[in-house]
Undergrad: 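Just dropping this structure here.
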Amino acid sequence: ADPVRVGLVVKSLGNGFFEAARDGAMEAAKEIGNAEVIYTGPTSTTAEGQIESINALMSQRVDAIAVSANDPDALAPILKRAMDRGIKVISWDSGVADDARIVHLNPSSNALIGAMCIKLAADVAGDGGGDIAILSATPTSTNQNIWIDEMKKVLPDYSQLKLVDTVYGDDLADKSYRETVALLKKHPDLKVIVAPTSVGIVAAAQAVEDQGKVGKVFVTGLGLPSELAGHVDAGSVKSFAIWNPIDLGYSAMMIAYQLTQDDEHMMIKAGRMGTISFDKDGNGAMSDPFIYDASNVHKFADIF
Amino acid sequence: MNRPVLELRNISKTFPGVKALDGVELQLYPGQVTALIGENGAGKSTLVKVLTGIYAPDGGDILIDDKPVTMQAATDAKRHGISAIHQEAVMFDELTVTENIFINNQSRNMFGLLDWKLMRTRAKTLLEYLDVNIDPDLPLRELSVAHKHLVSFAAALSINSNIVIMDEPTASLSHHEIQELYRLVRRLRDEGKAILFISHKFDEIFEICDRYTVFRDGQFVGAGEISDVTQDDLVAMMVGRTVNQIYPKIETEIGDTVMSVNGLSHPTEFDDIDFNLRKGEILGFYGLVGAGRSEVMQALFGLTRTSSGSMNLNDKPFKPRNPGDAIDQGLVYVPEDRQHQGTILTLPIFQNITLPQLGGLSRSGFIDMAREYDVARKYATRLQLKAASLSENVENLSGGNQQKVVIGKWLATNPNVIIVDEPTKGIDIGSKAAVHKFMGELVAQGLSVIMVSSELPEIMGMADRVIVMHEGRIVARFDRDDMTAEAIVTAATGAS
Amino acid sequence: MTKDLPDDLNNGLRRKLMRWETLLMFFVAIAFFTNTQISPYFLDPWSLSDATFNFTEKAIIALPMALLIIARDIDLSVASTIALASVAMGFANTMGAGPIELAVIGMAVGTIAGFINGWIITKFDIPAIVVTIGTMSLYRGIAYIVLGDDVYRSYPSDFAFFGQGYVWGVLSFEFVLFLVLAVGFGILLHKTTFGRRVYAIGNNPTAALFSGINVKRHRLFLFTLVGLFAGLAAVLLTSRIGSTRPSIATGWELEVITMVVLGGVNILGGAGSIFGVFIAVFLMGLVTFGMGLMNVPGIVMSIFTGLLLILVIGTPIIWRRIWAARKMHSNSRN
Amino acid sequence: MKNTSLIGKLISHREWLLAGIIALMLVGVGSTAPFFISPGNLAEVFDDTAILIMLACAQMLVILTRCIDLSVASNIAFTGMCVALINVAYPDTPALVTLIMSIGIGGVLGAFNGILVWLVGIPSIVVTLGTMSIYRGFVFLLSGGEWVNAHEMTPQFLALPRATFLDLTVLSWIAIAVTIIMLVFTRFTKTGLSIFAVGGNPKAAVYSGLNVGKYQFITFCISGAVAGMCGYLWVSRYAVAYVEVAVAFELQVVAACVIGGISIAGGIGTIWGAALGAIFLGLINNALPVIGISPFWQLAISGLVIVLAVIINSRSEKRGGRRILREAHR
Ligand SMILES: Nc1ncnc2c1ncn2[C@@H]1O[C@H](COP(=O)(O)OP(=O)(O)OP(=O)(O)O)[C@@H](O)[C@H]1O
Ligand SMILES: Nc1ncnc2c1ncn2[C@@H]1O[C@H](COP(=O)(O)OP(=O)(O)OP(=O)(O)O)[C@@H](O)[C@H]1O
Ligand SMILES: [Mg+2]
Ligand SMILES: [Mg+2]
């Protein structure tokens with residue numbers, strides 16, 4: 001039979017996180033045997049760019065599309081149209097509107113990620129606590145916004161932490177850098193910058209080092225070991241968290257494939273990741289984030 | 001007789017559709033002024049451009065001191081000791097006078113950097129030599145047209161050259177400045193330089209030139225000593241026929257007032273302009289270049305806002321807010337700058353002719369192409385336009401034919417007042433006569449003409465009445481019976 | 001002496017135009033053939049129909065933009081105008097406006113934005129490129145002020161028709177609208193007095209003024225027209241993606257201008273045709289669609305559009321020069 | 001009477017006006033956030049603006065010749081990626097060599113633009129619109145879309161722009177040096193003068209023996225070389241190289257020129273103007289967050305400023321008639 005073709009649409013090409021996810025999806029395809037991954041996406045994090053990529057996938061009549069969305073609303077019409085054409089659509093990492101996909105795979109439980117980020121911040125701030133600020137990606141990024149909401153929910157439990165600002169680096173290294181520098185200037189007492197984005201956290205760490213604030217301001221959040229190893233050594237980052245993007249890509253691919261095989265979408269088998277369950281809105285979570293620090297970062301830096 | 005410093009043999013230059021130069025020859029001798037004469041489009045300026053490396057000739061030889069040379073760019077001309085004052089003012093408005101003069105001829109200091117102090121001093125010296133009082137640090141745009149031209153003379157003189165070319169140098173100069181220029185030419189001649197002098201004005205040719213060369217339609221017709229020929233001989237060589245009457249004043253019935261202007265004023269350009277224009281009349285406006293005549297005419301045409309005053313046209317108040325208003329009410333303006341204001345060079349002849357009255361040639365906004373073409377053909381024929389076809393772009397026509405297109409375009413609107421601003425500036429004698437004859441026909445048909453001109457013979461030959469302007473004001477009025485050249489010129493210079 | 005000038009009305013002009021469009025057609029044929037070879041999915045009506053969505057809104061702005069560029073102006077603020085108009089529609093939607101009202105509001109805001117551009121440019125006599133670089137930031141900036149990091153969504157379901165509806169079979173509303181507008185603009189530019197005046201202004205604004213054309217009013221009208229069409233594009237795009245963010249349509253201005261220039265419109269004004277722009281739209285559409293089928297990343301496609309632009313503009317220039325040189329050569333031998 | 005002429009003089013000297021506005025802004029911001037005008041912070045703001053200043057000066061030369069270079073931002077991305085990859089492959093390359101290489105690579109890209117403008121005769125806006133896409137596309141091909149991150153770059157690669165000398169970063173010093181070289185170049189060299197001439201009146205330039213295309217070519221080479229150098233400085237300063245580096249930055253560069261009074265019609269402009277225009281934009285970018293204005297206002301404010309600046313410039317450029325009438329002179 002023809003192989004099952006799955007379009008893996010990412011927020012932007014060239015981002016280390018998504019490259020790792022692609023490798024995971026490839027691994028899954030190999031395991032399935034009769035499947036093929038089409039890795040695509042725009043170079044900048046725009047919804048219009050993703051729409052064009054999805055259009056191209058539809059024209060090729062792929063069997064399934066797995067998308068990490070730059071914008072949950074703007075992608076909805078085109079994904080609905082894809083579903084009308086018989087294409088199975090799932091979102092992963094960053095979701096789309098509920099009716100524009102069959103299921104959404106969260107890398108982890110959103111509440112857990114939010115809580116984890118704040119906990120990391122509290123740990124690094126020490127008992128004295130202090131001011132913290134959030135450096136996000138684009139203002140429209142679904143997962144970022146959910147995580148920030150979750151962080152705000154748990155913040156009252158940490159009376160020593162005070163959230164003073166939220167800024168957006170648009171997942172551009174230079175913009176994130178500038179925003180961080182502005183943060184440092186505006187809030188001289190800033191203690192922790194939480195960047196739940198792999199681009200932002202690197203830029204923030206670099207900015208803290210360049211501003212000579214190592215030891216005074218710490219950066220934490222979500223990032224890749226390979227990109228952060230240097231900054232952990234430099235001391236601007238003490239610890240950070242991430243789930244395994246390879247596993248995430250692997251799971252997304254497995255789920256997409258399974259959906260092309262049968263209609264089951266409450267409990268989906270995802271190969272070596274076991275069975276993932278989805279609630280009535282189609283939301284499911286993969287696994288818990290894992291914390292990296294000086295003790296283990298170099299070990300994982302070679303992997304992703 | 002001595003040997004020529006510069007000799008051209010069998011030079012040809014072709015533009016798409018035009019043989020601008022067809023195997024012409026020319027000799028220039030040291031210490032002599034050679035006039036280059038020919039109708040518009042005869043190829044004079046093209047020859048200058050070939051000589052200064054701006055155009056590469058298709059064939060032929062250029063010999064300097066009997067040695068063949070090639071000109072790739074304007075810098076080669078400079079190297080060979082040729083400097084030129086071109087027909088169009090080709091200067092840099094945003095640069096200072098000094099920068100303009102030394103644009104390709106700078107002095108450097110010991111670090112290899114430009115030495116502005118030295119150049120400023122040299123500029124001062126040059127301008128003094130030309131007997132003009134211009135601050136070398138002023139940006140060129142602040143100078144009058146005439147002064148700009150004089151700066152271009154200074155630039156040409158800054159190069160130590162043996163050969164000086166002047167392409168219609170007097171076209172924008174006042175009487176006084178022309179006299180200064182003659183002195184300069186004679187001085188250069190006496191220094192032993194060879195001078196090529198291009199002009200359409202016979203009086204100056206006979207005044208300062210020693211030799212002549214005549215071109216017709218891109219071909220060499222003849223050359224010789226000025227003292228051996230008369231004006232009629234030259235005209236005959238130029239046009240291949242004799243032109244008897246240059247200013248054919250046709251006596252017409254002058255009727256009632258069609259237009260009256262009362263106390264028209266502008267904050268900075270003109271003041272208290274008062275005059276009447278009658279049916280079938282040619283009203284001349286004379287003045288030195290820069291007297292503000294064009295500004296007044298442009299105000300009549302609705303291009304310039306006025307601060308006070310009133311106008312009447314055909315017994316109705318006339319207050320044009322833009323040229324469209326003026327055209328609608330039957331007043332049109334043939335501007336002095338053909339190439340920029342008069343025509344759209346890059347559009348075909350027929351589109352130029354019909355442009356002001358497109359509305360009339362269309363049905364609910366859609367152009368009726370057949371009618372459009374009829375109109376264009378009618379006026380092209382009437383004006384004896386010389387062109388390959390009506391779809392030819394105007395840029396491919398000679399100056400005289402371009403002017404015919406402009407006049408044709410305005411006649412096609414059936415005006416009753418037509419303002420012509422310097423209608424024969426830079427036009428050869430043949431085309432000039434055609435334009436004059438045509439103006440005579442127009443008034444005979446009952447049109448009224450306002451003619452702005454800086455050429456005294458033209459004004460005196462054509463106009464029924466003459467108004468003289470000086471520095472934005474009317475300073476004198478003459479009827480045909482009492483106008484004398486002295487009186488008009490005296491009034492124009494502002495002397496009371 | 002008085003014989004009539006030859007009657008070859010239009011021929012010269014038409015020949016000149018034909019040469020350009022023939023070249024474009026040639027490129028279109030190549031692109032079409034290549035696409036049939038590289039992908040079995042290419043010749044599917046629905047695929048082709050889907051592909052038109054990628055360029056239709058831009059192409060609709062390209063039509064008035066062509067007129068504007070022919071008249072020696074340019075508008076870099078169109079993409080920002082889309083953002084502004086879209087935000088206005090989103091706001092109106094929260095106030096309960098219906099689909100038609102939304103469309104009217106979008107186009108009205110676009111029109112106002114275009115009018116402001118034109119007003120500043122003609123009133124103060126400033127080059128259009130400079131002013132519209134400013135309003136480009138200004139308009140999108142206003143969109144950001146209004147919306148910030150928020151989003152407008154849940155447009156009425158009827159509103160989706162403009163950007164997602166089909167008129168007949170695979171023919172989407174957007175695409176049919178574009179075809180109709182292209183014909184309309186072709187007539188406007190090539191057959192009417194207005195079009196002729198646009199050419200006149202583009203070739204020599206001073207002489208156009210001296211010929212009684214109200215140059216300022218024409219330019220103002222053209223800017224307003226471009227604004228109106230940017231507003232229309234905003235309606236279509238907003239309807240198509242069903243939501244509004246201030247970053248909507250980022251970078252479109254350059255794509256629209258690329259289409260126009262590729263269509264043979266002289267960026268320096270005075271020359272060009274709607275037909276050329278029309279073909280160029282399809283050329284770009286075909287090239288990007290073909291590469292999309294091969295999953296070529298958008299950034300790599302842009303290499304091809306960039307090359308195409310330089311190639312298509314450069315080829316006739318070089319060709320004309322060789323031709324002129326050869327003619328010169330044969331002349332001088334005679 | 002005296003008063004109006006004084007103002008007239010001031011306004012006609014746009015640079016002074018612009019410098020005045022910049023000073024006012026500093027005072028304004030300083031009164032709400034005093035630390036902003038501390039020397040240390042100003043040095044940082046300057047450091048942040050240095051790249052824009054250099055690019056604006058180079059772009060000015062291009063604009064003077066009636067061209068425009070929209071490919072500078074893509075040039076930055078391409079050259080930046082090149083030197084970053086070279087640094088990964090040959091970590092021993094000294095920073096100075098990298099800097100020189102970046103100038104060379106950028107210069108080649110600029111020369112390519114210049115050749116198309118000069119020898120092929122395609123309008124510059126078309127050429128650079130094309131190469132803007134092409135160069136950025138090449139960054140993707142070169143890198144396979146992957147990022148080069150800080151930890152892959154060597155310390156010496158990263159150190160150059162950060163090193164400080166007399167309280168200013170080397171990046172700032174480079175910007176100052178470039179500005180001074182440009183000043184001398186435009187005022188005291190034949191090429192500099194010729195660039196003004198060919199832009200002011202191309203036809204007259206031909207008649208004066210100046211090859212218009214050649215000077216346009218030269219300005220594109222300069223613009224490319226400066227952009228290339230900025231490519232290295234950018235990548236090293238932000239410690240990352242990727243496809244989208246400096247996206248849309250060309251518009252800021254052109255905007256800086258416009259604010260600085262460089263006439264888009266060619267022939268008019270000064271290095272001071274370009275540099276002040278860049279500083280002005282840099283100041284707005286840096287000051288807004290400090291005085292607590294939401295970043296969402298930033299875009300609209302800079303847009304408004306550009307529009308106002310060009311309106312003011314156009315007013316001061318108007319030379320109200322020739323004044324034929326005598327009284328008007330007095
Ligand atoms: N660049 C050009 N392209 C095409 N044709 C040209 C060009 N320059 C000149 N011509 C044509 O060559 C012929 C000679 O023109 P030229 O300017 O040399 O005449 P001229 O004798 O100087 O006339 P005038 O007295 O009007 O200045 C004319 O027919 C003109 O139309
Ligand atoms: N210094 C100058 N700078 C720029 N343009 C000028 C300058 N002087 C004149 N002009 C323009 O050149 C053209 C010819 O000017 P000209 O010297 O003939 O003045 P004018 O006002 O037309 O006076 P007149 O018609 O009485 O000679 C006019 O259109 C004028 O606007
Ligand atoms: Mg001539
Ligand atoms: Mg005049």
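Note that these values count all heavy atoms, side chains included, but never hydrogens, waters or copies made by symmetry.
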Undergrad: What residue in A:Ile38, A:Thr40, A:Leu13 has the most heavy-atom pairs under 4.5 Å with chain C?
TA: A:Ile38
Undergrad: Need one label for A:Ala76: side chain, backbone, both or neither, based on atoms under 4.5 Å from any heavy atom in chain C.
TA: neither
Undergrad: How close do A:Arg81 and C:Phe53 get, counting heavy atoms only, and between which atoms?
TA: NH1-CE1, 2.8 Å
Undergrad: Quick check on C:Phe27: does its CZ atom have over 12 non-hydrogen neighbours (other residues, nucleotides or ligands) under 6.0 Å away?
TA: yes
Undergrad: Around A:Lys186, counting heavy atoms of other residues, nucleotides and ligands shown, do more than 12 lie under 6.0 Å from its NZ?
TA: yes
Undergrad: Rounded to the nearest 0.5 Å, what separation is found between the CG atom of C:Leu48 and the OG atom of A:Ser59?
TA: 8.0 Å
Undergrad: Side-chain contact, heavy-atom cut-off 4.5 Å: C:Thr250 with A:Glu48?
TA: no
Undergrad: Would one find more than 12 heavy atoms of other residues, nucleotides or ligands at under 6.0 Å from atom CZ of C:Phe173?
TA: yes
Undergrad: Quick one: are A:Arg85 and C:Asp50 in side-chain contact, heavy atoms under 4.5 Å?
TA: yes
Undergrad: Give, for atom OG of C:Ser247 and atom CG of A:Asp170, the distance between the pair rounded to the nearest 0.5 Å.
TA: 8.5 Å
Undergrad: For C:Phe289, which atoms come within 4.5 Å of any heavy atom of chain A: side chain, backbone, both, or neither?
TA: side chain
Undergrad: Less than 4.5 Å to any heavy atom of chain C: does that hold for the side chain of A:Tyr168, its backbone, both, or neither?
TA: side chain
Undergrad: Salt-bridged, A:Glu52 to C:Lys58, with N to O below 4.0 Å?
TA: yes
Undergrad: Would you give the length of the straight line joining atom OG1 of A:Thr46 to atom CZ of C:Arg245, rounded to the nearest 0.5 angstrom?
TA: 12.5 Å
Undergrad: Kindly give the heavy-atom pair with the smallest separation between C:Tyr41 and A:Gln60, and that separation in Å.
TA: CZ-O, 3.3 Å
Undergrad: Would you say that C:Ile241 contacts A:Ile78 through its side chain, given a criterion of any heavy-atom pair below 4.5 Å between the two side chains?
TA: no
Undergrad: As an exercise: rank C:Ala160, C:Ala249, C:Ala51 by heavy-atom pairs under 4.5 Å with chain A and give me the winner.
TA: C:Ala249
Undergrad: If you look at every heavy atom in C:Gly292 and A:Ala56, which pair is closest and at what distance?
TA: O-CB, 3.4 Å
